[in-house]
Structures are given as C-alpha cells and as structure tokens.
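See below for the structure under consideration.
Any value given below was found using the heavy atoms of this structure, including those in side chains, with hydrogens, waters and symmetry copies removed. Treat the numbers as computed from the prediction; the structure is a model and nothing was measured.
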Amino acid sequence: MSTLRHGRHRALRSDLLLPWVRQTCAPRRRPAVSSAAWRSLLAVTAPAGLGLLVGRPAEGVMVALGALSAVLTDVAAAYRHRAVTMLVPQLLGVAGAFATLTAEGGPAAPYVLPALGVVAGALACLSLEGSLGAMILLMDAEVALDLPLPGPLWLPPALMLLGGLSVVALALAGRPFFRGRAERALLAQCLTACAAVLEPDAAGPAGTARRRALHDVLERARHTGAVGGGRLLARHLPGLLALAETASSAGARGLAADPALAGRLRAEAGRVAAGRPALDGPWPPVRGPLDVRLVRAARAAVLPEASAGAVPVTAGDRRAGRRRAVARAVLADPRSWSCGLRVGLALLLAGAAAAYADLPHPYWAVLNVTFVCRPDIGPVTGRALERFCGTALGLLCSGLVLACAGPDWALLGVLAPAAGLVPALSGTGYLYQAAALATVVMTVTQLAGDPGLPLLLPNLASCAIGCLAAVAACELFGPRHRQLALARRLAVAVEQATLALTPHRPRAALAPHLQLAVARAEFERARREPPWRQGATDRWAALIDEVERAVDAALAPVPAPTDHRHFDATRHHLHRLTDRLNRPDRLHRLDRPDRLDRPDRTDGRAEVAAHRPVPRTARVVA
C-alpha cells in the first residue's frame, strides 16, 4: 500500500540541473498592475522627492525605505486583514531598529542581529503574518545600521515608521467606500467553485482540478476570516464548509446532483459579489438524500440566519484564544527554534564574510539573507538562485540608468516605475521582483548622496555572499523538515475525516479538506526543491492522492446509511493511514495492499479485521 518507496540515488547531472534552473527562473504569470502598485509608486517616490526639495535627501530616503518595507507586506485583500498584515510588521521593524541602534558600538553589537534572526526564524513559522513580521523586523534593523543619520537615536526608526504608516493609511483609505467588497468576492468565488464541482461534467482529472480549486479558495476565505475577517465571513463560513464538503465528496464518488442547484448557486454568487440580498424564490426541488443535504448546506451558506441548526458566530468569537493556542504550539515546537537558529547562523556567516571582504555596505549581504530565509515561501536554494539572478538583472538596468541619468530629479522618473513594479511583479516570480527591488535600492542610494556606479559590483558580491550563507546554513546544516510538515498536515486531515464518522460529529470535523489544501500548498513549494532533493516528489504526490481518496470516501454520502460495513472499513483504513503519517519512520516501509486499502469497497469481506480494536493515535497539532 505504501506509496513511499526508496528510489535509487541519482547523481546530479546537467540534464537535471538545467531544467530545474529554467523552471525556477521562468515567469509564472503576467504582471498585475493593481492598487498596491500605485500605492507603492506614490509612497516611495514622494518622500524621496520631498527630501530633495527641502535639501535633506537622507531623511527622505529613510522614509522611502520604510514605505518600501510596508509595500512588501501589502498582500491581503480584505481591509481588516490588511491592518494586521501591515501594521504589526511595522511595529516589529521599529523594535528591531531600536535594538540594533542601541547596541551599536558596544561589545554585544555583532551578536544582536543573529539573536534577532533566531527570534525572527521562530516567528516565521507561525503563519504568513509571522513570516512578514520577521522579514520586516530584520530588514528595518539592517537598514537602520546601513544608513546612519545624525541626530537622536529615535530619528531613523521614527522616519521608517512614518513611511510605513503612510502606506498603511493609503491601503486602508478605501475602507469607507469599498468595505466588505473583498470578503464578498471571496464568498462569491467559493459559491462559484461549489457550483463547478456539482456540474455533471465534473468527472476525471477535470473534476479533481475543480475540487482542489474549491478547497484552495475556501482555505483563503477561512484564513482571512481567522486573521482579520468581518461578520460577513464569520456568518457564511460554517455553511460554506458544509456545502463544500458535501459537494466535493459527492463529486469524488460520482454521485449526480440536481443541475438546477448549480445554476442557483451561480446566481447567488453574482448577488453576493454585487452586495445584493439573496433571491426570494424557492430552491430546486429535492429528489433524494443527496439533494436534501446539498440544499440544506446551500441555504446555510447563502442565508445563515435561515438555517435551523445554525449557531450565530461573531467576528471575534474565540479568535484571540485560537491565536494564542497556535502561537504556543508553534513556539513550543523544537523545529521552530531550529529554523531560527539556521537564520541566525546565516546572518552571522553573511556578516562575517562581508566584513572580511571589506565591502562598502556590509549589511547588504545580511539583507539578502533576510529575503531568502523565509520558510513559508519555499526551498532556500531556489529562492537564493532567484534572488541572485534578479539582483544581477536589476543591477544591470541600474548601471545603464545611472550611467545615462543626469540630475537627481531624473532619477525620480526611474524610481517611480521601479517602485510600482515591486508589488506588480510579486506574482510573476521572485526573480523579477528582486530585479525591481535592486533598482529601487541603487536609485535611493544615489539619491542619498552615495555614488551608485562604484557600488554595483560590491552589491552583486554582497548578494552572492548572502545567498551562499543562506544556502549553507539552511540546506547543508539544517534537517529536512518540509516532508515532516507535509505528513503532519495529512495526518490532521485524516484524523478529522475519522472524527466525521463518529455518531456525534464535532464541529472540528468540518474542515479536513482545508488541511488537504494547506498540504498541497506545502507540496507545491517542495516541488521547487533542487534536483538533489527531488527524489520523493512523485511518491509524495501519490500519497496526497491516496489521502484525498480516503477523505472523500469517508465524507461521501452513501445511499444506505444503515449499512455500517462501509463506515467500519473506512474507519479502519483511516486509522492505519493516520498511524503511518504520524510515524515518519514507517512512511518508507512496504505494505502489501489488501482489501482494506481501498475504502470505497463495501463488499463486507474484510469487516472482521475492521472490528478489531485500533489504538487511537495522538493528535498532531498543525
């Protein structure tokens, strides 16, 4: 049964390395010019121009760099979510800048930045918001050391905070006019994805792709509601979870639903996106147990107050308690602190190498470590390759601009589009975003009074040192923990599906597909690992498919609920699968497939083994 078999070791050859380089550096999609690009253009260019106008360019550059740090955290769509993902990293950045400036010149100065790296690495394992806060914490600490200003100690952090708050204010300025539009768009996407899963032609690979798209958009909605969602998401999410679970499981089992229900869901999605009330007409008539469950879940998703068993949920219901529980679980995990130790070691190696080479801006090497070592993005080697190639491309463009540019006012015309391209190129690939970042850094360095042309090669050398230090610390000295994280996610999904088979179904059993969506996102990041670590990619893909089939079979509506043989066989299969996933040392062992390895079998020939007592495995906290 096991899908994880030991493959033969393949030597690293050019036919493996070159395709990986092409796949890593290839653009993923076209640049998207959004409101974040205009905010970045205005917030970065205006302070630099104002500093030139009043004759204090260094202060203007500090404000512009603070705005750039806030631009890098402008990744959320909902306004409440933006306030969390943008404001908290700015406060952490101020704390990091104060810490490094206070220790400057003292005996503990060389060790402050690595210590902050250990804390930042542990914070980055919390969530996307923790990773962004860790990045800004280190970035502001390094920028405050790299661009010292005359005056009191609080001046550089205050200027950077001013620039960051200007971007936060611009990002939240549209809330009185577009309040709730992003959340309504997420809900409409969830309803449309549910309708696509219920279509009669949703079979085979196309149906699998639709179900995965449904789980992905539902996970985005759940994460937005948990971090910074309003009452709208809190009211509709329980019904959406039940509807997505029933529709996905029915589609996986090939059970046909009423086609009129999919049309009604599309119509409701259009009304939700436009902010109009739900339709008053009756729902399509039910023809069987499946239609009854689907219509009940659809009514609870579209009209939460109309569902009989709905429990009113407020926006802040137990949110603080959940965050504290997750924070305690992650910070108590030794893997979080091992990640922090690797980040601190990479910072120490990069700083020592840059100081030994006597580079003009030694903290540029440390800054590259900050951007590369983010555990929520993907493998460090691929991100380091993208960072170096993007920096080289950006320095080439910057060298041409600096060689041809005239006065400083002409550089503002280059800084404006480069700053706008930083968020516009975020979905295209990190290589291209790094090129825009390098252009912005070289332009503001020239505006601050430091000649840019002599710094092109030192900047490239600093980038190479930082990328090599990150790879050495995180790939050579760090254990392989991504596959263990993937196994934990799959184990939680299987355990939640097992809870769904209990007589009194708990509320926690409503979201096994969300754990599968997170596991697939983790697997997509693992696919970008270098060739010498891609031996188990196909086997992990097969394991994810196996877990998806098991969860779908466990949650699928059956025609005869009184027949317990299906539930017994499925429960036994899920217990065995959970035991394998909770013990990584057994993942590679070979098991002979038997009739219990296919949970969709209901022939009853293996129920004797299914009734044997199976010890309950300890639940793994994701």
Is there side-chain contact between [X] and [Y], with heavy atoms separated by less than 4.5 Å?
X    : Y    : value
M62  : R56  : no
F388 : L431 : no
L128 : R374 : yes
L240 : R222 : no
T439 : L421 : no
R220 : V217 : yes
T381 : T24  : no
R82  : R175 : no

Lys NZ or Arg CZ of R520 over F523 ring: under 6.0 Å, within 45°: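 Here R520 fails the 6.0 Å and 45° test against F523.
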To the nearest 0.5 Å, what is the distance between [atom1] on [X] and [atom2] on [Y]?
X    : Y    : atom1 : atom2 : value
R179 : L232 : CZ    : CG    : 11.0 Å
L113 : L348 : CG    : CG    : 9.5 Å
F98  : W154 : CZ    : CH2   : 9.0 Å
M160 : L68  : CE    : CG    : 12.0 Å
L138 : L123 : CG    : CG    : 9.5 Å
F178 : S35  : CZ    : OG    : 9.0 Å

Under 3.5 Å side-chain donor-acceptor pair for E142 and T370: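 The criterion, which ignores hydrogens and geometry beyond distance, is satisfied for T370 and E142.
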Short side-chain to backbone donor-acceptor contact, [X] and [Y], under 3.5 Å:
X    : Y    : answer
Q433 : L425 : no
S426 : V422 : no
S69  : G66  : yes
T428 : P27  : no
S40  : A37  : no

Minimum heavy-atom distance between [X] and [Y], given as atom pair plus value:
X    : Y    : result
A171 : Y79  : O-CE2, 3.3 Å
N368 : G466 : CB-CA, 4.2 Å
A419 : V440 : N-CG2, 3.8 Å
T443 : L411 : CG2-O, 3.7 Å
V380 : V372 : CG1-CG1, 3.6 Å
P157 : L101 : CD-CD1, 3.8 Å

Evaluation steps, side chain to side chain contact (heavy atoms under 4.5 Å, CB included), between L153 and T102: CA-CA 8 Å; L153 187 65; T102 304; 3.7 Å; yes
Residues, nucleotides or ligands: over 12 heavy atoms within 6.0 Å of W38 CH2: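 Incorrect, the count does not exceed 12.
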Over 12 non-hydrogen atoms of neighbours within 6.0 angstrom of CG in L453: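 Enclosed.
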Pairing residues for V167 by the side-chain contact (heavy atoms from CB on, under 4.5 Å) criterion, not counting sequence neighbours: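 Residues passing side-chain contact (heavy atoms from CB on, under 4.5 Å) with V167: A43, A67, A70, V71, M86.
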Evaluation steps, side chain to side chain donor-acceptor pair (under 3.5 Å), between H223 and E129: CA-CA 11 Å; H223 181 74; E129 293 75 23; 3.0 Å; yes
All pairs passing side-chain hydrogen bond (donor to acceptor under 3.5 Å, both in side chains) where residues 352-367 contributes a residue, at least two apart: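 Qualifying pairs, neighbours excluded: D146-H361, D146-W364, H361-D450.
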Under the ring pair (Phe, Tyr, Trp, His ring centres under 6.0 Å) test, residues paired with H236 that sit two or more places apart: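 Here no residue qualifies.
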Any residue meeting salt bridge (Lys or Arg N to Asp or Glu O under 4.0 Å) with R39, in chain and number order, not counting sequence neighbours: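 With neighbours one apart ignored, the set is D74.
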Residues that R28 engages under salt bridge (Lys or Arg N to Asp or Glu O under 4.0 Å), provided they are two or more places apart: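 Only E386 meet the salt bridge (Lys or Arg N to Asp or Glu O under 4.0 Å) criterion with R28.
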Pairs of donor and acceptor atoms involving the side chains of residues 389-396, under 3.5 Å and at least two apart or interchain, shall be tabulated with distances.
| unit_1 | atom_1 | unit_2 | atom_2 | d |
| --- | --- | --- | --- | --- |
| T391 | OG1 | R387 | O | 2.7 |

